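This report refers to the structure that appears directly beneath it.
Residue numbers begin at 1 in each chain, while the letters A, B, ... track the order of the sequences. Quantities reported herein were computed from a predicted structural model and do not represent experimental measurements.
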Protein chains: 2
Amino acid sequence: MQHVTIKEIAKALNLSFSTVSRSLNDNYQISEKTKTLVRDYASSVNYIPNLAAKTLKTGISNSIAVVVPFLSSPFFVDFFEEITMLFSKTDYNVILLQTFNNPIKECEALDVAIQNRVAAIIISPVHDDSNCSKLAYIQKQVCPVVLFDRTNHRLETHKIGVRHEREIAIAAKQLLKQGCKNILLLCCKGIGANDARIAGIRSAFLGKQEPDYSWAVVEIEYNHPNEDLKKQLLRPLKEQKEGLCYDGIIATTDTLTTKVLPLLLTDEGMLADCAQVIGFSNTAYARILNPTWTVFTQPSRQMAIKCYETILELINYRRLQINPAYNTVFLDVIPG
Amino acid sequence: MQHVTIKEIAKALNLSFSTVSRSLNDNYQISEKTKTLVRDYASSVNYIPNLAAKTLKTGISNSIAVVVPFLSSPFFVDFFEEITMLFSKTDYNVILLQTFNNPIKECEALDVAIQNRVAAIIISPVHDDSNCSKLAYIQKQVCPVVLFDRTNHRLETHKIGVRHEREIAIAAKQLLKQGCKNILLLCCKGIGANDARIAGIRSAFLGKQEPDYSWAVVEIEYNHPNEDLKKQLLRPLKEQKEGLCYDGIIATTDTLTTKVLPLLLTDEGMLADCAQVIGFSNTAYARILNPTWTVFTQPSRQMAIKCYETILELINYRRLQINPAYNTVFLDVIPG
DNA sequence: CTGAAAGCGCTTACAG
DNA sequence: CTGAAAGCGCTTACAG
């Protein structure tokens, strides 16, 4: 099929195609009159630029890769929705890539990003050192990389996240204040942030001695969020201290809050009936599930905004060949 | 930055770059020996093809555009997840575009698809005749288009959906059998399928006379699913027949089932306490929200599989310049 | 089975 | 302010 090209516009307007190209790119050298002429004609013939040609010539496409574990978590859906809206006001468009928490798929996703000559990568990596050398290579040789959410990754770059230790400490202290004595911390298995989270609950229990007080951590594996979580959850719980009944629970992720927790609560024996719950979640369902729960919301949209700003800055720096000084920005969880 | 190119591989192996290109594309003309040589060397130097060059040359990229209203609905997340997995086993990768049920954004999304010279478009359109001429143009001049979910769209092509009339009739009959007499049908406003859905509930009520039996429809607007739905919902309800108390509810979409319905149930007076509910939803939360609900699941993953197969077929047909005979495939809702 | 050559549609130094 | 020309990295007829 034949699309309208710059060449055809040039011929129709009796201009060189360099001039047409410059006009469409709003080049300062071209007179307003010519620009208007070209733009009006281009839109009248419904000119749609061939991005492949531009990408081939410049070496950089106008795509931004957003690499996330999966979309089954509302946190990532929110983040993606927000960042898509932000970039939709620019010339960039967003390519979404999912890793399903699998380093091999992450590697493939990064290859797709390179193949497409993306202008930048925004990634929530699989774990602390997944595809480290590849990401370092990309950052050095291909395009800027920004990490979000899982900021413990070893790559040195701008990172945008939350202070997991602090947030969990706040949650745990709140439960203790409400009278809880035995607190269960539910984590997703193999996530780098877990160390910080455990440090958080430990710090909240400083000075609270056994046997009056206790806390425990259960790590649940849900690489693909549609797995059967119940068995996983109950096995370690049953192996743990017999007779103990947790009266406070902290669920650290959206999946844990909305899927795992209801399983735990409907099941027999592991929890006090009046167990108090703080769940981290980005879905309105979380509150509906049980109105007495306290829901802490991850600042997904704020993170998207910060990622967006950071990426534009890094792209600009790279164009100007300025080396940025990388730093990590922490945003506050929104307590319920 | 310098990526490895075909030219460099050719030079290193003392071959022409046509041969290298053919080897990498597994061309039948090339000897296995040469192919192996080239492939091994290419992977040893970590060759990553420049898709922009290929796209420019061939006029078609290896991207497939998936255009959906939004991802806040688990139906679309499921669909997208499935179709991404399917295409990840091919050379195609999937570009996700969101319209937020806005025809203008849909138009922009289609422009992005054209700019990227996508190989095909899979779309759940905004409404029955949104961007009709553009889609027809695309189908004729650019690439195959397949419609899913919202199959009432006027474009003539392969369509994959569900029989809304039939599904709602089944749901309504089930409620009637369970003893319901006044059924409320909750629909998303402005969706083409609503006519069929209303026909469905009407057919279920054939022979059931007022004043003993009645049914009503409420259309809720939630273009952007994070809106305040409660007010919208209660206004038309209050204007409706005073004193009437619905004892059966059918929620036709995921958002209605998981967000709107809980609001309705927690609010005073509009519903019998023992109201029976059938909700269409693709999230496990739906059952957790209230174990007594009956949940009908849209066949999102089956639709993805069918779309995937259809698209590959259409791409192939187009390459062979065969004109396909378009048809519509209906998949069954999975009753709870 | 392999090679030489044209060309996809842009951008951008270079020249004027 | 505008134009002529090179070239980005591939694919693919054409030739042998």
Query raised in the report: Reckon B:Thr58 has a side-chain N or O less than 4.0 Å from the OP1 or OP2 of D:dT11?
Result: no

Query raised in the report: From the list C:dC10, C:dG3, C:dG9, which nucleotide is the closest neighbour of the side chain of A:Phe17?
Result: C:dC10

Report task. Could you tell me whether the side chain of B:Lys159 and the main chain of B:Asp149 form a donor-acceptor pair under 3.5 Å? Result -> no

Report task. Please confirm whether the backbone N or O of B:Ala52 pairs with a side-chain atom of B:Asn50, one donor and one acceptor, at under 3.5 Å? Result -> yes

**Report entry** Value in whole Å for how far the C1' atom of C:dT11 lies from CD1 of A:Ile60
**Finding:** 13 Å

Requested in this report: Report yes if some heavy atom in the side chain of B:Phe80 is under 4.5 Å from a heavy atom in the side chain of A:Gln98; otherwise report no.
Outcome: yes

Report task. Not counting sequence neighbours, which residues clear side chain to side chain donor-acceptor pair (under 3.5 Å) with A:Lys134? List them please. Result -> A:Asp111

Query raised in the report: Considering only side-chain heavy atoms of A:Ser31, which listed nucleotide, C:dC10, D:dC10, D:dT2, is closest?
Result: D:dT2

Report summary line: note: A:Asp26, atom CG; D:dC1, atom P; distance rounded to Å ~ 13 Å

Query raised in the report: Between D:dT12 and B:Tyr28, is there an OP1 or OP2 to side-chain N/O distance shorter than 4.0 Å?
Result: no

Query raised in the report: A:Tyr47 side chain N/O closer than 4.0 Å to the phosphate oxygens (OP1, OP2) of C:dC10?
Result: yes

Report summary line: Given the options A:Thr310, A:Thr328, A:Asn327, A:His158 meets side-chain hydrogen bond (donor to acceptor under 3.5 Å, both in side chains) only with A:Asn327

**Report entry** Atom-to-atom span, CG of B:Leu15 to C1' of C:dA4 - whole angstrom
**Finding:** 14 Å

Requested in this report: Please confirm whether the backbone N or O of A:Arg154 pairs with a side-chain atom of A:Asp128, one donor and one acceptor, at under 3.5 Å?
Outcome: no

**Report entry** Between P of C:dA5 and NZ of B:Lys7, the distance in whole Å
**Finding:** 13 Å

Query - Touch class at under 4.0 angstrom, heavy-atom based, for B:Ser18 against every strand present - result: base

Query raised in the report: A:Thr34 near the nucleic acid: base, sugar-phosphate alone, or nothing, with a heavy-atom cut-off under 4.0 Å?
Result: sugar-phosphate

Requested in this report: Report which part of the nucleic acid B:Leu56 touches: base, sugar-phosphate, or nothing (heavy-atom distance under 4.0 Å, all strands).
Outcome: base

**Report entry** Nearest-Å distance once atom C1' is located in both D:dT12 and D:dG16
**Finding:** 16 Å

Query raised in the report: With sequence neighbours excluded, what pairs up with A:Tyr317 under the side chain to side chain donor-acceptor pair (under 3.5 Å) test?
Result: none

Query raised in the report: Once Watson-Crick and G-U wobble pairs under 3.5 Å are found, how is DNA chain D written in dot-bracket notation, 5' to 3', with | for any base paired to another strand?
Result: |||.||||||||.|||

Requested in this report: Using atom CG of A:Asn62 as one end and atom C1' of C:dT11 as the other, report the distance to the nearest whole Å.
Outcome: 14 Å

Give me, pair by pair, the N or O atoms of the protein and of nucleotides 14-16 of chain D that are less than 3.5 Å apart, along with how far apart they are.
none

Query raised in the report: Among C:dT11, D:dG3, C:dC10, which is the nearest nucleotide to the side chain of A:Ser16?
Result: D:dG3

Requested in this report: Select from B:Asn27 and B:Lys57 the residue whose nearest nucleotide in DNA chain C is closer to the 5' end of that strand.
Outcome: B:Asn27

Query raised in the report: Nearest-Å distance, CG (A:Asn25) to C1' (D:dT2)?
Result: 15 Å

Requested in this report: Scan for salt bridge (Lys or Arg N to Asp or Glu O under 4.0 Å) pairs involving residues 112-127 of chain A, sequence neighbours excluded, and state none if there are none.
Outcome: none

Requested in this report: Applying side chain to side chain donor-acceptor pair (under 3.5 Å), name anything that partners B:Asn93, two or more places apart in sequence or on another chain.
Outcome: B:Ser63

Report task. Please assess B:Ser300 against B:Glu82 for the test side chain to side chain donor-acceptor pair (under 3.5 Å), listing each intermediate value before the final yes or no. Result -> CA-CA 8 Å; B:Ser300 52; B:Glu82 186 68 30; over 6 Å; no

Requested in this report: In whole angstrom, give the distance that lies between atom CD of B:Glu8 and atom C1' of D:dG9.
Outcome: 10 Å

Report task. For B:Ile6 and C:dG7, give me the distance from atom CD1 to atom P, rounded to whole Å. Result -> 19 Å

Report summary line: Side-chain atoms of A:Asn50 come closest, of D:dT11, C:dG9, C:dT11, to C:dG9

